[in-house]
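All remarks here apply to the structure that follows.
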Amino acid sequence: MKLITSNFIKCPIKKCDSSLDSYPLSYQNCQLVIKQQDFNANFIKSMLNRLDWDALLRVAKELGNTLLPLNKPALENSDQEEDKEDDEENLNENDLKLLKDLHNLLLETNIIEGEMICRSCNHKFYIKGSIPNLLLPPHLVD
Amino acid sequence: MEQVKNPVEKEQIYVHQVYNEIASHFSETRYKPWPIVEKFLQSREKGSIGIDVGCGNGKYLNINKNVFIIGSDYSDNLIVLSSEINGDSVNNDSIVCDGLSLPHLNNQFDFAISIAVIHHFSTEERRIQAIVHILSKLKPNGEALIYCWALEQEKSRRGWKKGMTQDVLVPWVLQKKKPKSKKARKSKTKRGNEVVDTSATIKSEKAVEDNGEETKLRYYHLYKENELNENAIAAGAVVVEHGYERDNWWVIIKKPAV
């Protein structure tokens with residue numbers, strides 16, 4: 001499971017829908033591996049736009065990364081209006097470093113084993129062999 | 001099948017268990033994208049975020065490199081395959097979950113696809129609920145493409161047509177030349193092998209024949225013309241486009257912007 005996915009999953013139990021504590025899940029006892037992937041500046045830039053930064057901060061901290069800025073970083077040279085294609089040469093040094101760091105954190109960092117716990121109902125889900133399993137026991141399905 | 005009344009139990013036996021057992025063989029036969037699905041995915045805006053509900057081996061997760069898709073399936077064995085097949089791409093991830101209990105925030109995604117999945121829910125209420133649930137995860141104006149197997153497929157080898165029963169058990173024949181473990185995924189047995197359905201009246205849930213083949217039965221609700229549109233409207237969606245392709249009815253629906 002890629003770290004970015006933690007930004008898109010929550011507790012699936014219906015009664016937790018109304019609780020702010022059901023997202024993000026709490027990641028505990030996790031084993032991480034870095035798997036190298038091709039860097040695509042535009043892709044990571046568009047993902048940055050869509051990230052819930054507070055959720056990412058929380059999960060990154062649980063996984064031992066406390067170096068992220070408290071607010072979602074903005075690109076210095078980003079042309080918000082036109083959404084033009086930035087290849088690596090068009091980005092300044094700081095922006096390129098930021099996008100590469102995010103690429104490494106979000107897309108190359110995989111949780112291969114671990115627990116995902118709902119902070120609302122305390123139900124524990126598992127990640128095994130890199131695969132998160134969010135199936136519910138029968139009594140919790142309605 | 002008639003003995004199993006509880007829809008959850010029915011789907012457990014005739015859908016979830018079967019896909020877990022046939023996962024590797026099934027996956028070998030599922031690699032070619034269907035044109036309308038490919039077109040839908042390629043026409044999504046750059047940087048969009050989507051879900052593929054019932055993604056199987058994940059063959060649609062890496063079609064459009066500029067969007068991010070979370071693929072999910074109830075079958076953990078299929079998700080293992082999806083994760084392997086898509087292991088070298090950054091634009092997707094694969095998770096195990098229930099299509100009626102998706103682990104996503106509401107109103108978050110730009111698009112969804114659910115290809116040949118909703119016909120496995122065994123009551124109309126659950127099929128409509130599955131569409132309601134997918135819609136709930138989309139942003140207002142978000143679009144979903146849904147495919148379901150058609151009753152009207154007289155030209156297919158199965159020969160189903162209007163007027164026939166819509167709730168059927170369809171055999172999947174597994175070649176059992178040598179004992180295969182659940183995860184023996186590199187086997188080179190001949191692919192395909194879906195035989196003509198003799199009827200939905202086969203009583204036994206599996207049958208091992210003398211030649212070492214094993215037949216697994218999967219439950220399907222075969223959609224008749226307009227039924228998928230009607231289900232989508234009952235679920236609160238707006239129908240954008242619909243049609244028939246390769247023995248399936250398909251519909252592109254939109255979540256109304258309230």
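Reminder, nothing fancy here: chain letters follow the sequence lines and each chain counts from 1. Keep in mind that this is a model prediction, so the values were computed, not measured.
- Close approach to chain A, defined as a heavy atom under 4.5 Å from one of its heavy atoms, is seen in B:His133, B:Lys139 of residues 130-141 of chain B, taken by number.
- Under the side-chain contact (heavy atoms from CB on, under 4.5 Å) rule, A:Pro132 has a single partner from B:Asp93, B:Ile79, B:Ile95, which is B:Ile95.
- Heavy-atom pairs under 4.5 Å with chain B were tallied for A:Met1, A:Lys2, A:Met47, A:Gln36; the largest tally goes to A:Lys2.
- At distances below 3.5 Å, not a single donor-acceptor pair connects side-chain atoms of A:Glu108 with backbone N or O atoms of B:Val90.
- Within the 4.5 angstrom heavy-atom criterion, only backbone atoms of A:Asp38 (N, CA, C, O) approach chain B.
- Comparing B:Leu102, B:Asn92, B:Asn106, B:Asp88 by heavy-atom pairs within less than 4.5 Å of chain A, the highest count is held by B:Asp88.
- Annotation: side chain of A:Leu136 is not in contact with side chain of B:Asp98 (no heavy-atom distance under 4.5 Å).
- Checked by atom type and distance alone, the side chain of A:Lys35 pairs as donor or acceptor with a backbone atom of B:Gly87 at under 3.5 Å.
- Here the shortest heavy-atom pairing between A:Lys14 and B:Ser101 reads NZ-OG, 3.7 Å.
- Interface remark: B:Ser72 contributes no atoms to any contact with chain A (heavy atom separation under 4.5 Å).
- Atoms OH and CG, on B:Tyr74 and A:Leu134 in that order, are 12.5 Å from each other to the nearest 0.5 Å.
- Proximity of A:Arg50 to B:Asp110: side-chain heavy atoms (C-beta onward) are separated by under 4.5 Å at one or more points.
- Residues of residues 57-66 of chain B lying under 4.5 angstrom from chain A, judged on non-hydrogen atoms, are B:Lys65, B:Asn66 in numerical order.
- For B:Ser48, the part sitting under 4.5 Å from any heavy atom of chain A is the backbone (N, CA, C, O) and nothing else.
- In this structure, B:Asp76 and A:Ile131 have side chains that are not in contact, with every pair of non-hydrogen atoms separated by 4.5 Å or more.
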